[in-house]
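A quick write-up on the structure given underneath.
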Amino acid sequence: MTEGTTTAAAESGDTLTRLEQEGEIAADYLEGLLDITDLDGDIDMDVEADRASVSIVSESARDLQKLVGRDGEVLEALQELTRLAVHRETGDRSRLMLDIGGFRAKKREELTVLGAKASADVKSSGEPLKLAPMTPFERKVVHDAVAAAGLRSESEGEEPQRFVVVLPA
């Protein structure tokens, strides 16, 4: 191994350790939340795309729906609170992703299909296509789907009305 390879491997290991620590802090925080709310759920931790990923899962997804809220609004708020809890413990900004009851995973699938369909529409029409306002997470998924289809996209507007525009090649 060369010195550069050894250094890169050490940095990669440090990053993985840091992200696993973020996941553990988040899991402790969320377990406390579940106890307070008297909801049942198991916490799954992972590292995906250079960020900690934490999921709350339960056999009774109906109970967890309270933590998702309408259109994921409560989930977004809980994700921010969890990121703040991680920041308080580590001193570093967290990009942690939280999923509850598979809501975000299902939303990712739907948005990937939307991005692919929008890309196909733009390819056939040759005209830019503006999509409905979305959260940052939703826009990221659509941007990725558009890029996978070989087109480019941009975000326009101001929060909370920020939206994706799919552009022709």
Tell me if a side-chain donor or acceptor on E154 pairs with a main-chain N or O of V165 at a distance below 3.5 Å. no
Distance, nearest 0.5 Å, that separates NZ of K107 from CG of L114: 9.5 Å
One should read off an interatomic distance between I43 CD1 and D28 CG, to the nearest 0.5 angstrom, of 9.5 Å
Closest heavy-atom contact between I100 and V68? O-CG2, 3.6 Å
Distance from L98 atom CG to I56 atom CD1, nearest 0.5 Å? 5.5 Å
Is it true that atom CD of E159 has more than 12 heavy atoms of other residues, nucleotides or ligands lying nearer than 6.0 Å? yes
Under 3.5 Å donor-acceptor, R83 side chain and L96 backbone: yes
Hydrophobic cluster membership, with links at side-chain heavy-atom distances under 4.5 Å among I/L/V/M/F/W/Y: are M134 and L167 in one? no
Checking K123 side chain against A149 main chain: does a donor-acceptor pair fall under 3.5 Å? yes
Spell out, yes or no, whether L33 and I25 are grouped together once hydrophobic residues are joined by side-chain heavy atoms under 4.5 Å, including indirect joins. no
Determine whether more than 12 heavy atoms belonging to other residues, nucleotides or ligands lie under 6.0 Å from atom CG of D35. yes
Measure the CD-CG distance between E156 and L131 for me, rounded to the nearest 0.5 Å. 11.0 Å
Side chains of S153 and H143: do they bring a donor and an acceptor to under 3.5 Å? yes
Donor-acceptor pair, side chain of D99 and main chain of R104, under 3.5 angstrom: yes
Reported CG-to-CD distance for the pair L81 and E76, which is rounded to 0.5 angstrom: 11.5 Å
Keeping the roles fixed (side chain from E138, backbone from T135), state whether a donor-acceptor pair exists under 3.5 Å. yes
Does a side-chain N-to-carboxylate-O contact under 4.0 Å join E22 and R18? yes
Show the nearest heavy-atom pair for residues R51 and L19, with the distance to one decimal. N-CD1, 3.8 Å
Connected via hydrophobic side-chain network under 4.5 Å: Y29 and L39: yes
Treating R139 as the side-chain partner and V164 as the backbone partner, does any N or O pair qualify as donor plus acceptor under 3.5 Å? no
